[in-house]
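Please read the structure below before turning to the comments.
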Amino acid sequence: MTRTHDTHHFATHDDVALFYRRWPAQGPRRGAVLLFHRGHEHGARMAHLVVPS
């Protein structure tokens, strides 16, 4: 089972647009987890860490 995600961008202090994915909470939120990766990776490789609750 996979969860759907949203895709967004935000502007850094030097106007570089950074892409990110967001998996909204299913049910009440209890906190947040931020995952960062190194420059040669991409976020889709971490998608398997987002598991159904």
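All of these numbers come straight from a predicted model, not from anything done at the bench. Values below: every heavy atom of this structure, side chains too, minus hydrogens, waters and symmetry copies. Each residue takes its place number in the sequence, starting with 1.
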Original post:
What residues form a salt bridge (charged side-chain N to carboxylate O under 4.0 Å, His left out) with Arg29, not counting sequence neighbours?
Top reply: none
Subject >> Side-chain touch His5/Arg22, heavy atoms, less than 4.5 angstrom >> reply: no
Subject >> Hydrophobic cluster partners of Leu18 (side-chain heavy atoms under 4.5 Å) >> reply: Phe10, Val16, Tyr20
Subject >> Residue pair Trp23 / Thr4: nearest heavy atoms and the distance that separates them >> reply: CD1-O, 3.4 Å
